[in-house]
Every structure is written in C-alpha cells, then in structure tokens.
2 protein chains.
Amino acid sequence: MMFSKACEYGIRAAVYIALQSLDGRRVSVSEIAEEIDSPIAFTAKILQQLNRNNIVHSVKGPTGGFEIDRENMDTVKLSMIVKAIDGDKIYTGCGLGLKECNAQKPCPLHDKFVDIRSNLRTMLISTSLFELATGLEVGLTYLKR
Amino acid sequence: MMFSKACEYGIRAAVYIALQSLDGRRVSVSEIAEEIDSPIAFTAKILQQLNRNNIVHSVKGPTGGFEIDRENMDTVKLSMIVKAIDGDKIYTGCGLGLKECNAQKPCPLHDKFVDIRSNLRTMLISTSLFELATGLEVGLTYLKR
DNA sequence: TATAAATAGGACAAAAATGTCCTTTATTAA
DNA sequence: TTAATAAAGGACATTTTTGTCCTATTTATA
Ligand code: FES
Ligand code: FES
C-alpha cells in the first residue's frame, strides 16, 4: 500500500540484521529470509541494494553475512531505506497521479495530501533502525506471524 | 504510491463528473479521459466500477454519459471511491507487509504506522466530492497538467 | 423502425513488480 | 593450495497492474 513489497522486505531485513548485530551476530541471507518470512533470492537482491547504499554491510565467504555497525543503527533512518528502494516518489509524487506534486498548480487533494505526507515524512526521518530493533529485542514486536 | 493508478484515475474522473454535473452537463468517457488525461478504455472500466458502486450514475445511448446527482456529491466521500477500487487493504494492511495489521502481535512500525494511517483515514472519510469539485470550479486546482 | 451514439463487458496485450535459478567472485579454513 | 561457504549479479519466469480492442446492449431521434 504505502511501500513496495521490496521495501517492506528491506525494512524487515534491516531490522532483523540490526537486532542480531546488537548481539554481535552476523547473519546469512537464508537466515534472514527465514526469520522475516520472505522469498530468499528476492531478499538477496534487496540486501544488495541496501549494501550499495551503505545501510547494511556485507561480508563474503565463510563466516560472512550481513551486519550493521552500532553507529549505523542510530544514523540509518527508515527514510533512507525507503529512498534506497522505492526512490523519492513517496515525497515528490502527487496523490492523484499528476506528473509531480506542485503547489503552484495543485490537484484538488493537494493541501490535504501534503499534510498526511508530511506526517509520514517526519515519521520516516525520525525513526532509526535501533529504535525498531529494540522493540523486537524486548519481545514486544514481530517481524513475521 | 498511496493509491493505485486505477484509483487515481477514478478519483480524478469522479471529481470531473461532479464538476460538470454542477452545471447540469452529462459527460462521455472520451471527454472525461481527455480532461483528466487518462487512457480512455481503462478509464471506462473504472467508471463501470464506480457505477456499480453507485458513486456515479451512467446513462446509455445518445445524450448519455456519466453524471452525479447533487446529493451524492455530498454523501460520496473519497473513502468510498478508494474502497470501491482499491479495497480496504489501505486500512487493514500492515505497513511492513505482515499478513494483516494486528495490535496483538504488532510489527515494529505498528504504533507509528497506525497513527499516520488514522490521519489518512480521517481525511478520506471527511472529504466529499463536492468539496474537491468546488476548488476546481473556482479555478484553484487542476485535474491535469 | 432504422440508425447512430453511448456505456457494458469479455478477451487480449504490454509493462511493471515480484520472484527464481544459476554462474561468478571473494574469503575462510583445513 | 584446495575445498567449502557466502554474497554479487545476470538472465529468466511468474504474477499483478495497467492498458487496448472488439462486440453486445441500451436508448434517443430522425
Ligand atoms: S499536486 Fe496533487 S498532491 Fe500535490
Ligand atoms: S502490525 Fe504492522 S502496521 Fe500494524
């Protein structure tokens, strides 16, 4: 609805990796896919994107896998993941599908849409991976069901 | 992003029909598609759905076309169009793609997501076609660009 | 009543998103 | 140095969404 499937998997994967990195564990694609209940090969592609965008860090070879350093858990915000995977149409797009959102020639929904989107934007910009992972750690939230 | 293409076209079409109905004009699919800059045959399909859901009224034959009675302009809210075309996954879906949104077993984003979604929901439920059409009438907003 | 104009609807086509498979590359450890 | 393990990445397959085309139905009017 709001995010693409790829983006949903990307966020779930990043949160899982963050959680495990807090324990010093590096995790493989197959473990991630298992734990977030996502298609493994597709998840691998998404992790490649996150790696290229320096959101996660990957290590090849035996004992390799994905990890996120403690610093990144705070600096990486949801907005960065969404941007890496879905681009910024979430910010620049018009709610009614006009070429782009444009306050000079607004669609009928513009004012109300901009309001909602700004809430969303603020939320994404202010939510860190660490924040999402710690809820999991305490067992209050879930990455699959 | 937020709505499907079909839904965007549906809303734009409904607003245009409402605007013309205010002047007592019944409009054809081809005129609608022209005025909202949408693919004509695809728009026709969407209008069929809106007709079946009693959001617009269609009349066959010469002098036929689409119209919306004055009463419906007030009673038809954006939420009804979105529901008719995109279903209610916008309300029931989980932001991170878990089977459904569930406060008992929430995803890490649940609380923040529910907040945003509730704003969106309120906006959709409280915005009528009439409200959107009148902005157009006054020439402040646009359905194409 | 015949014709033409308009929507309804089924079948099909194209494009985009999602998902899979297989080979290559890097790296560890025996 | 070889074998095994893990990510990278290219090519392909499937599914969903978007879009088109053609025929049937309804209806106004000449
Ligand atoms: S112009 Fe449509 S949302 Fe801004
Ligand atoms: S459970 Fe994910 S948004 Fe509610």
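Chain letters run A, B, ... following the sequence lines, proteins first, then strands; residues in each count from 1.
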Open item on the list: Can you tell me how far apart CG (L143(B)) and CG (D37(B)) are? Round to the nearest 0.5 Å.
Closed with: 10.5 Å
Open item on the list: Within 45 degrees of the ring normal and closer than 6.0 Å to the centroid, is that where the cationic atom of R117(A) sits relative to Y91(A)?
Closed with: no
Open item on the list: Can a side-chain donor-acceptor contact be found between S126(A) and K77(A) if the only test is distance below 3.5 angstrom?
Closed with: no
Task: Atom-to-atom span, CD1 of I46(A) to P of dG19(C) - whole angstrom - done: 8 Å
Distances under 3.5 Å between nitrogen or oxygen atoms of protein and nucleotides 4-8 of chain C:
residue : atom : partner : partner atom : Å
dA6(C)  : O4'  : G61(B)  : O            : 3.4
dT7(C)  : OP1  : V29(B)  : N            : 2.8
dT7(C)  : O3'  : S58(B)  : OG           : 3.2
dA8(C)  : OP1  : N51(B)  : ND2          : 3.1
dA8(C)  : OP1  : S58(B)  : OG           : 2.7

Task: Five-pair end axes of the helix from dT1(C)-dA30(D) to dA30(C)-dT1(D) and the angle they enclose, rounded to 10° - done: 10°
Open item on the list: Tell me whether the NZ or CZ atom of R70(B) lies within the 45° cone about the ring axis of F130(B) and under 6.0 Å from its centre.
Closed with: yes
Task: Between C1' of dA17(C) and CD1 of I85(A), the distance in whole Å - done: 14 Å
Pairs under 3.5 Å (N/O, protein and nucleotides 10-12 of chain D):
residue : atom : partner : partner atom : Å
dG10(D) : N7   : K45(A)  : NZ           : 2.9
dG10(D) : O6   : K45(A)  : NZ           : 2.4

Task: N72(A) CG to N54(A) CG distance, which is reported to the nearest 0.5 Å - done: 7.5 Å
- [ ] In plain terms, say whether E100(A) and K105(A) are close enough for a salt bridge, that is, a side-chain N and a carboxylate O under 4.0 Å apart.
- [x] no
Task: Closest non-hydrogen atom pair, S128(B) against D74(B) - done: CB-O, 3.7 Å
Open item on the list: Expressed as a whole number of angstroms, how long is the span from I40(A):CD1 to dT18(C):P?
Closed with: 19 Å
- [ ] Report the distance from atom CZ of R26(B) to atom OG of S58(B), rounding to the nearest 0.5 Å.
- [x] 9.5 Å
Hey, what are the protein-to-nucleotides 16-18 of chain D N/O distances that come in under 3.5 Å?
residue : atom : partner : partner atom : Å
dT18(D) : OP1  : K5(B)   : N            : 3.0

- [ ] Please name all residues satisfying side chain to side chain contact (heavy atoms under 4.5 Å, CB included) with E137(A), sequence neighbours left out, ordered by chain then number.
- [x] L19(A), L22(A), D23(A), T134(A)
TODO: Kindly write out the residues that satisfy ring pair (Phe, Tyr, Trp, His ring centres under 6.0 Å) with F42(A), not counting sequence neighbours, or none if the list is empty.
DONE: Y9(A)
- [ ] Among V27(A), I46(A), V56(A), find the residue that satisfies the side chain to side chain contact (heavy atoms under 4.5 Å, CB included) test when tested with I32(A).
- [x] V27(A)
